[in-house]
Amino acid sequence: MRAPISVIIPTLNASTDLPRSVPTLMEGVESGLIRQLVISDGGSTDDTLKIAEAIGADIVSGAASRGGQIARGAGAATADWLLILHADTQLPPGWTAAAGDHMAQHETRAAHFRLSFDCPAPMARVTAAWANIRARMGLPYGDQALLISRALYDRIGGCPDQPLMEDVAMAQRLRGQHRQIPLSVTTSARKYVQKGWIRQGASNLWTLFRYLCGASPDALARGYQR
């Protein structure tokens, strides 16, 4: 039986993050779950592609737009399940057993993980707790990883080619057809530490509110980057 998962990682100058996230995939390789790693790059100018080549990933390249990168990565994927993972997100020990259980029992549903940050600050725990509540209400973000069957991915129309809020758009398309795996991925707190937890959290909420009210993802991305 062939391995069931293609891992898709969208990247843009991720040479610092990949050496931390990729090793957490080894559990899946050793257990026979991972068939393929697809690095979907958006024009990196650092050593991202050198790292991708060194680890034997399949590489696809195109314009820098996370939604478009995920879509291109999915187009290159060959397995029956897709695990969409951000470059700065690390999978937890034991994730293969949880993923295997989900694939065996919930073929018509997607799954996301709980969230934690690589930071001991109290606000990191508060922010993660809010993210996990929001996810259980039907809006998981991409840094919680997404495990979805190819059949379901195709049925919802795939990932939209947009630079921001592609994860929210996919959650809306899934319309509750996903569940939370009770293990926590660890994602980078870099932006929160640089900008401040309250300021970054408020910015995220304001961006989500504007998107749900119909604001253009391109306009939101320009504001988010500033």
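Excluded from the calculations below are hydrogen atoms, water molecules and symmetry mates; all remaining heavy atoms, backbone and side chain alike, are included. Note that the coordinates shown come from a computational prediction; the quantities given were computed from them, not determined experimentally.
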Quiz question: by atom type and distance under 3.5 Å, do the side chains of [X] and [Y] form a donor-acceptor pair?
X: Q144; Y: R134; result: yes
X: T11; Y: D41; result: yes
X: S6; Y: Q36; result: yes
X: T96; Y: E27; result: yes
X: S15; Y: D46; result: yes
X: S116; Y: S184; result: no
X: Q200; Y: N204; result: yes

Which residues satisfy the side-chain contact (heavy atoms from CB on, under 4.5 Å) test with A151, sequence neighbours excluded? S149, R155

Who pairs with A202 by side-chain contact (heavy atoms from CB on, under 4.5 Å), at least two apart in sequence or on another chain? none

Can you confirm whether more than 12 heavy atoms, excluding those of I198, are under 6.0 Å from its CD1 atom? no

Would you please name every residue forming a salt bridge (charged side-chain N to carboxylate O under 4.0 Å, His left out) with [X], sequence neighbours left out?
X: R150; result: D154
X: D47; result: K50
X: R190; result: D17
X: D80; result: R2

Kindly state each residue pair satisfying ring-ring contact (aromatic ring centres under 6.0 Å, His included) with at least one member in [range], sequence neighbours excluded.
range: residues 130-162; result: none
range: residues 165-186; result: H112-H178
range: residues 11-34; result: none

How far apart are the C-alpha atoms of I9 and L37, what are their side-chain angles, what is the distance that settles it, and do they pass the side chain to side chain contact (heavy atoms under 4.5 Å, CB included) test? CA-CA 8 Å; I9 302 181; L37 171 60; 3.8 Å; yes

Between [X] and [Y], what is the shortest heavy-atom contact and its length?
X: G32; Y: A3; answer: O-CB, 3.3 Å
X: P10; Y: I8; answer: CD-O, 3.8 Å
X: A71; Y: C159; answer: CB-O, 3.7 Å
X: A63; Y: R72; answer: O-NH2, 2.7 Å
X: P92; Y: V185; answer: CD-CG1, 4.0 Å

Applying ring pair (Phe, Tyr, Trp, His ring centres under 6.0 Å), can you list everything that pairs with W95, at least two apart in sequence or on another chain? none

Is the side chain of [X] donor-acceptor paired with the backbone N or O of [Y] at a distance under 3.5 Å, no angle test?
X: T207; Y: S203; answer: yes
X: H106; Y: R179; answer: no
X: R173; Y: G157; answer: yes
X: T48; Y: A14; answer: yes

Below 4.5 Å, heavy atoms only, C-beta onward: do [X] and [Y] meet side chain to side chain?
X: I39; Y: V60; result: no
X: L146; Y: L83; result: no
X: L33; Y: P4; result: yes
X: L183; Y: R114; result: no
X: T78; Y: R35; result: yes
X: L152; Y: Q177; result: yes
X: L25; Y: V7; result: yes
X: M103; Y: I5; result: yes

Joint cluster assignment, [X] & [Y], ILVMFWY side-chain distance < 4.5 Å:
X: L139; Y: M170; answer: no
X: L12; Y: L49; answer: no
X: F113; Y: V22; answer: yes
X: L174; Y: V168; answer: no

Once rounded to the nearest 0.5 Å, what's the spacing between atom [atom1] of [X] and atom [atom2] of [Y]?
X: L18; Y: I55; atom1: CG; atom2: CD1; answer: 6.0 Å
X: L91; Y: I181; atom1: CG; atom2: CD1; answer: 9.5 Å
X: I148; Y: W81; atom1: CD1; atom2: CH2; answer: 8.0 Å
X: I34; Y: M26; atom1: CD1; atom2: CE; answer: 8.5 Å
X: L115; Y: T89; atom1: CG; atom2: OG1; answer: 7.5 Å
X: I70; Y: S40; atom1: CD1; atom2: OG; answer: 8.0 Å

For a side chain to side chain contact (heavy atoms under 4.5 Å, CB included) check, start with the C-alpha distance between H86 and T187, then their side-chain angles and the critical distance, and finish with the verdict. CA-CA 8 Å; H86 282 190; T187 197; 5.6 Å; no

Would you be so kind as to tabulate the donor-acceptor pairs closer than 3.5 Å made by side chains of residues 117-124, with sequence neighbours excluded?
unit_1, atom_1, unit_2, atom_2, d
D118, OD1, A189, N, 2.8

Among residues two or more places apart or on two chains, list those pairs meeting side chain to side chain donor-acceptor pair (under 3.5 Å) that have a residue in residues 157-169. S65-D161, R66-E166, Q162-Y211

